[in-house]
Q: 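I'd like to ask you about the structure that follows.
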Amino acid sequence: MGPKTITINHGAGGRLMHEFIHNSIVAHLGNSQLNKMDDSSVLQNHPHEQPVLTTDSYVVHPVFFSGGDIGRLCVCGTVNDLAASGAEPLALTLSFILEEGFELEKLDKIIASIGQTAKEAGVEIVTGDTKVVEKNKGDGIFINTAGLGFVDPKVSISSHNALPGDLVLITGPLGNHEMALFKDRENMKFQYSVQSDVAPLNLKVKKLLAHTKNIHTIKDPTRGGLASALTEIAQNSQIRIELEEDKIPIDQEVKAMCDLVGFDPLYLANEGKYIILCPPEEAPKVKAAFGTETTVIGRVEKGHADLILHTAFGGNRRLIMMENIQLPRIC
Amino acid sequence: MAKSDKNKIKNLAAAIRELVDDNPITLMEVCGTHTMAIARYGIKSLLPPSLDIVSGPGCPVCVTSAQDIQFAIDLANQKDCLVATFGDMIKVPGESSNLGSAQNVEVVYSPFDALEMAEQNPGKEIVLLGLGFETTTPLIASLIKSAASSNLGNFSVLPMHKLVPPALELLISDPDSKLNGFILPGHVSAVTGTRYFKFLETTGIGGVVSGFTPLDIMESIYVLIADITAGRTRVLNNYERVVRTEGNPKAFNLIWEVYEPEDSKWRGIGTIPTSGLSIREKYADFDANCKFELKKREVEEPIGCICGEILMGRKKPNDCKHFGKSCTPLYPVGPCMVSSEGTCAAWYKYNKE
Amino acid sequence: MCLAIPVQVKEIKNNNRAVVDNNGVNFEVSTNLVENLKVGDFVLIHAGFILEILTHDDAREKLALLEEFYQKTGRGKNGKE
């Protein structure tokens, strides 16, 4: 019997590390590239396409939450960043920084979740790394993934490309990921059924681009939420975005929680939604690819870079980037 | 929002414009939650330009003195001590740091959670920051009574409470005051009743107790303007679904059972007589001021900001040279920027169109 | 100054606690500050405490000024449609 928790030796290059890689990583994630266990992976080239590269680190707490876990998140986050450029993900890297004492059973569950999510997204983990830090020098588990994909050169999707006349769409209700995490954090005693929306979106992007290449901007409203992401688009594209508050989809329980603890849903994190800006004639194709929850929430006008919300009763409010994370308040 | 509400708001906006008729009128919302609601719903975009709505000292977090915050930070940096606080307080600066960077701090949604923490961690001293106006104070008073009746020796409260009427009196007595009326705090009034604010009727500046929906606020502004333009000074209740004339006597009486009035320092304003609360001697065992050897020390208030004048309604955030530059919600200098409902923070976040 | 919202009482427990519901979000609050609480009551909660029991809409007395205004602008009594 081996140890039940991560020890310094799991990252030390010796027998324990090799056993861990074989029993857990290869068992859940194995593929022809990874199984070679070389120091790097040689990948298939796509000579008529452009390579797209991204990286992200995941430090979510709690590690397991309603609707997902850090494993699912570390695949979706990186895959969705690639697909936001219109790229088809080809391969991911996977690096763990583990704290001594982290339970192996939990780690195995996380790796299984990574394997399942990668399969769902149709992407392979081709190389990786594991380091262990001493007790109290980490927070259980940190993960970094990098992703490589390829994009058709006829596709040009960027936060700099939105144009006056474009419609602004969101592919589903906002705030579920952050509110699911909030529920699962210690000493928060609210009971509700909201689940994280964490999901890979690359296959939907692929479906969309099969029908039209005329999409200007795709962005995932993760930390900082819808308002921060749209502010960035407005600045990068030098456009004025006008939103209709009563069109923005927010689930009833998320809204109820926001009222209770004083959060603004426009600043809550999402992990399975895209903001899409495109000419009006392409909007039906976005809806066809992303499903019935997809909603037009605003449009792009000429003017200075700005983000304006038309409130539900006829007032106007300017939105800015999130300044600091939201904490429950009494005021 | 119901379409009928939208129509009502449109009609109210038109009626307000007609009544104001380009005359300069200044109203003050005393409650920070009103400040936030007015900004968030874009209410000022519906009002005529000569009608000014200014924000008063209605954020209990913003007006907490640097000295009190520093004492809380010092306590939180003590071994075996855990300071429980509402999230609002985390960024408020003390001498040179804030509670967010102190060692033992726990954000709670309810002060009740702090009592539970004390029960579950007998080896730790749990100090609850006693924040808030008349709305929040009864909650904390009831916890002090619970702790006393169950002899919970490791629970105490650091009282930082403030009372609303002394601040209103100070505002009214200001000879430079341009105020014509108050939008009165709905949830303070739920505890105190409207009668608590009746004293205003003899001052020439009336008020309306208001709820927090866009319709509530527009209605209250209309009623206030109607009284002001007709030369009436009254205290009216436009939050009848919540607020009674006598308030909630059980909650209100709890305040005075556990606390007694004392002079209190307001950040940016200075000391206002009998505007704070100290814990009565009977409950001294649960008073963090008495319990610990550590004592409060003198701390300089932040200099070079005009928060005092903003809190008094004399100046606007963009009159300040720090605003949006050296003073932002992430690195606040003065009290009006520290809480998300502070006047400057609301201005910064909801920049007027 | 004080964030407080209306919710409905679902269950009254012993030791001065009650379970309330806000559009599908359930949680426990303290009943220490109110008397004669009943299941089904709408209440105002603030930081985990019931601050006040709400009056039913039809029992509300609207300010005369507003009543007059709504009649003039074609809306019904009590500001209701």
Q: Determine whether C:Phe49 and B:Pro138 make a side-chain contact, defined as any pair of heavy atoms from C-beta on separated by less than 4.5 Å.
A: no
Q: As an exercise, state the distance from CG of B:Asn11 to OG1 of C:Thr73, rounded to the nearest 0.5 Å.
A: 5.0 Å
Q: For chain C, which of B:Gly132, B:Gly186, B:Pro111 has the most heavy-atom pairs under 4.5 Å?
A: B:Pro111
Q: I'd like to know if the side chain of B:Lys250 and the backbone of C:Asn32 have a donor-acceptor N/O pair within less than 3.5 Å.
A: yes
Q: Taking the side chain as everything from C-beta on, heavy atoms only, tell me whether B:Phe86 gets closer than 4.5 Å to C:Leu3.
A: no
Q: Of the backbone (N, CA, C, O) and the side chain (C-beta and beyond), which part of B:Ala190 lies under 4.5 Å from a heavy atom of chain C, both, or neither?
A: both
Q: Are B:Lys8 and C:Phe69 close enough that some pair of their side-chain heavy atoms sits under 4.5 Å apart?
A: no
Q: Is it the backbone or the side chain of B:Leu143 that comes under 4.5 Å from a heavy atom of chain C, or both, or neither?
A: side chain
Q: Tell me whether B:Arg241 forms a cation-pi arrangement with C:Phe42, defined as NZ or CZ under 6.0 Å from the six-membered ring centre and within 45 degrees of its axis.
A: no
Q: Go through the atoms of B:Val191 and report whether side chain, backbone, both or neither lie under 4.5 Å from a heavy atom of chain C.
A: side chain
Q: How about B:Glu201: does its CD atom have over 12 heavy atoms from other parts shown lying under 6.0 Å from it?
A: yes
Q: Kindly say whether C:Ala47 contributes a backbone atom to a donor-acceptor pair with the side chain of B:Ser110 at under 3.5 angstrom?
A: yes
Q: Atom OH of B:Tyr222 and atom CG of C:Leu65: how far apart are they, to the nearest 0.5 Å?
A: 6.0 Å
Q: For a 4.5 angstrom cut-off between non-hydrogen side-chain atoms, does C:Lys62 reach B:Glu219?
A: yes
Q: Side-chain contact, heavy-atom cut-off 4.5 Å: B:His187 with C:Glu52?
A: no
Q: Answer yes or no: does atom CG of C:Asn36 have more than 12 heavy-atom neighbours from other residues, nucleotides or ligands under 6.0 Å?
A: no
Q: More than 12 non-hydrogen atoms from neighbouring residues, nucleotides or ligands closer than 6.0 Å to CD on B:Glu18, yes or no?
A: no
Q: Heavy atoms only, distances under 4.5 angstrom: which of C:Leu44, C:Val29, C:Asn16, C:Val43 has the most pairs with chain B? Name it, please.
A: C:Leu44
Q: Please classify the contact of B:Leu139 with chain C as side chain, backbone, both or neither, using a heavy-atom distance under 4.5 Å.
A: both
Q: Can you tell which part of C:Ile50 gets under 4.5 Å to a heavy atom of chain B, answering side chain, backbone, both or neither?
A: neither
Q: What distance do C:Leu54 atom CG and B:Tyr239 atom OH have between them, rounded to the nearest 0.5 Å?
A: 7.5 Å
Q: Supply the atom-to-atom distance B:Glu240 CD to C:Leu66 CG, rounded to the nearest 0.5 angstrom.
A: 8.0 Å
Q: Between B:Asn253 and chain C, with a heavy-atom cut-off of 4.5 Å, which part of the residue counts as in contact: side chain, backbone, both or neither?
A: neither
Q: Is B:Asn248 reaching over with its side chain to a backbone N or O of C:Leu33, donor-acceptor style, under 3.5 angstrom?
A: yes
